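Okay, so here's the structure we're looking at.
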Amino acid sequence: MPELPEVETTRRGIAPHIDRQTVSGAVVRQAMLRWPVPDLATLLTGHTVRGVERRAKYLLLRFDHGSLIIHLGMSGNLRVLAAGSPPRTHDHVDLVFGNRCLRLHDPRRFGAVLWADGDPLKHPRLRDLGPEPLSDAFDGGLLHRAARGRKIAVKSLLMDGRIVVGVGNIYATEALFHAGIHPARASQRVSHARFDRLADEVKKVLAHAIERGGTTLRDFVNESGEPGYFAQELFVYGRAGQPCKVCGSAIRTRQVGQRASAFCPRCQH
DNA sequence: AAATTCTCCTGAAGGC
DNA sequence: TGCCTTCAGGAGAATT
């Protein structure tokens, strides 16, 4: 499931192939993803990509007349293929650049392709987002302020995009383990010092995962169809019943905010 | 206002 | 072997 490191891996992978390239055509095979997909052939043919950026888990393809906003949902990936490559099931959208093709594949269709006429950062889906986790704007103080008076589980706080973006289930789970904080702990009962540590661990785990090309659990692949290599470095996510890599206790899971959450009962409080 | 629940979808896994 | 049920999961929407 693409989280920030997987989206950033995708951005870095596709940018060299499509930045400053001109769209020669587009195909929309499935016009209904999370929201309706615009008529991309009409919208983009003849227009040139003026930048490939990322905000939270959204990819932004800049054009002179607006921006294409792409979200990979939980099962999406973008690959660069030869133009004319036969589509497989769930290959929903192609953007064609001469002899190459940027193809969106998304079995569960939780992804989205949106268009913003003006500043994409002012789009309703992006305008209320919190700071980037790898920026200086994100730190323990921000978490501590957001947690004031909140009974919500600290893991849910960390995954709330209005507070900080890009931290999904995998990396929230891992960062909480490294910070020694129980995922279900009430936010208001986490000290400033422990939030400092948590923010630091979020940055470390995300940066490290980007270096490894992201986490591949089932189906994440980069623009060339290759998996990421962070999965082997996970300490708790997906390791229920297995021994903690630090203390040997059996990793447990429980529901936190309707989401499966793994933790070490001895290392996290 | 904050917290919780529901929703979209498919593939994988488990039961029988 | 194969059909049926269950469930995960990002994040917006609806509800409490």
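Protein chains get the first letters and strands the later ones, always in sequence-line order, with residue 1 at the start of each. All values derive from a computational prediction rather than experimental measurement.
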Between atom [atom1] in [X] and atom [atom2] in [N], what is the gap in whole Å?
X	N	atom1	atom2	answer
Glu3(A)	dG9(C)	CD	C1'	10 Å
His71(A)	dG9(C)	NE2	P	16 Å
Arg108(A)	dA8(C)	CZ	C1'	7 Å
Lys57(A)	dG9(C)	NZ	P	12 Å
Met74(A)	dG11(B)	CE	C1'	10 Å

Practice task
Give every residue pair that meets the ring-ring contact (aromatic ring centres under 6.0 Å, His included) criterion with at least one member in residues 3-45 of chain A, sequence neighbours excluded.
Solution key: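 Matches after skipping sequence neighbours: none remain.
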
Practice task
Applying side chain to side chain contact (heavy atoms under 4.5 Å, CB included), name anything that partners Arg259(A), two or more places apart in sequence or on another chain.
Solution key: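 Partners of Arg259(A) by the side chain to side chain contact (heavy atoms under 4.5 Å, CB included) criterion, ordered by chain and then number, come out as Lys155(A), Asn169(A).
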
Problem - Counterpart residues, side chain to side chain contact (heavy atoms under 4.5 Å, CB included), relative to Ala41(A) (two or more places apart) - result: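 By the side chain to side chain contact (heavy atoms under 4.5 Å, CB included) rule, Ala41(A) matches Ala26(A), Asp39(A), Thr45(A).
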
What residues from [range] pass a heavy-atom cutoff of under 4.0 Å to DNA chain B?
range	value
residues 251-263 of chain A	Gln258(A)
residues 110-124 of chain A	Phe110(A)
residues 151-169 of chain A	Lys151(A), Ile152(A)

Handout entry: Parallel, tilted or perpendicular: rings of His65(A) and Trp115(A) (30°, 60°)
Key =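 Ring orientation of Trp115(A) relative to His65(A): tilted.
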
Practice task
Determine: side-chain N/O of Tyr237(A) to OP1/OP2 of dG9(C), distance under 4.0 Å, yes or no.
Solution key: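 Checking Tyr237(A) against dG9(C): at least one side-chain N or O falls below 4.0 Å of OP1 or OP2.
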
Problem - Under 4.0 angstrom between His90(A) side-chain N/O and dT10(B) OP1 or OP2 - result: no

Fill in the blank from the handout: Taking Watson-Crick and G-U wobble contacts under 3.5 angstrom, with | marking pairs to another strand and [ ] crossing pairs, the secondary structure of DNA chain C is written .|||||||||||||||

Problem - Any pair counted as side-chain hydrogen bond (donor to acceptor under 3.5 Å, both in side chains), so long as it reaches residues 178-194 of chain A, sequence neighbours left out - result: His192(A)-Asp196(A)

Exercise for the section: Keeping the roles fixed (side chain from Lys203(A), backbone from Pro133(A)), state whether a donor-acceptor pair exists under 3.5 Å. Expected result: yes

Indicate every side-chain donor-acceptor pair of residues 80-91 of chain A with a distance under 3.5 Å to a residue at least two apart or in another chain.
| residue | atom | partner | partner atom | Å |
| --- | --- | --- | --- | --- |
| Ser85(A) | OG | Ala82(A) | O | 2.6 |
| Asp91(A) | OD1 | His105(A) | ND1 | 2.7 |
| Asp91(A) | OD2 | Arg88(A) | N | 2.7 |

Handout entry: Heavy-atom check, side chain of Leu4(A) versus side chain of Ile210(A), under 4.5 Å
Key =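 With C-beta onward as the side chain, the pair touches.
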
Handout entry: Heavy-atom check, side chain of Val190(A) versus side chain of Leu157(A), under 4.5 Å
Key = no

Problem - Passing option when Leu78(A) is tested against Ile14(A), Val93(A), Asp106(A), Leu95(A) for side-chain contact (heavy atoms from CB on, under 4.5 Å) - result: Ile14(A)

Residues 243-250 of chain A, side-chain donor-acceptor partners within the protein, below 3.5 Å, at least two apart:
| residue | atom | partner | partner atom | Å |
| --- | --- | --- | --- | --- |
| Lys245(A) | NZ | Leu234(A) | O | 2.8 |

Polar atom pairs between nucleotides 12-16 of chain C and protein, under 3.5 Å, N or O only, would you list them?
| residue | atom | partner | partner atom | Å |
| --- | --- | --- | --- | --- |
| dG12(C) | OP1 | Tyr58(A) | OH | 3.3 |
| dG12(C) | O4' | Arg34(A) | NH2 | 2.8 |

Could you list the donor-acceptor pairs under 3.5 angstrom formed between side-chain atoms of residues 135-148 of chain A and any protein atom two or more places apart in sequence or on another chain?
| residue | atom | partner | partner atom | Å |
| --- | --- | --- | --- | --- |
| Ser135(A) | OG | Glu132(A) | O | 2.7 |
| Ser135(A) | OG | Ala137(A) | N | 3.3 |
| Asp139(A) | OD1 | Gly141(A) | N | 3.1 |
| Asp139(A) | OD1 | Leu142(A) | N | 2.9 |
| Arg145(A) | NH1 | Gly141(A) | O | 3.4 |

Problem - From CD1 (Ile251(A)) to CZ (Arg266(A)), nearest 0.5 Å - result: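 Result: 11.5 Å between the selected atoms.
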
Fill in the blank from the handout: Result for 5'-nearest mapping on DNA chain B, choosing between Arg109(A) and Arg150(A), is Arg150(A)

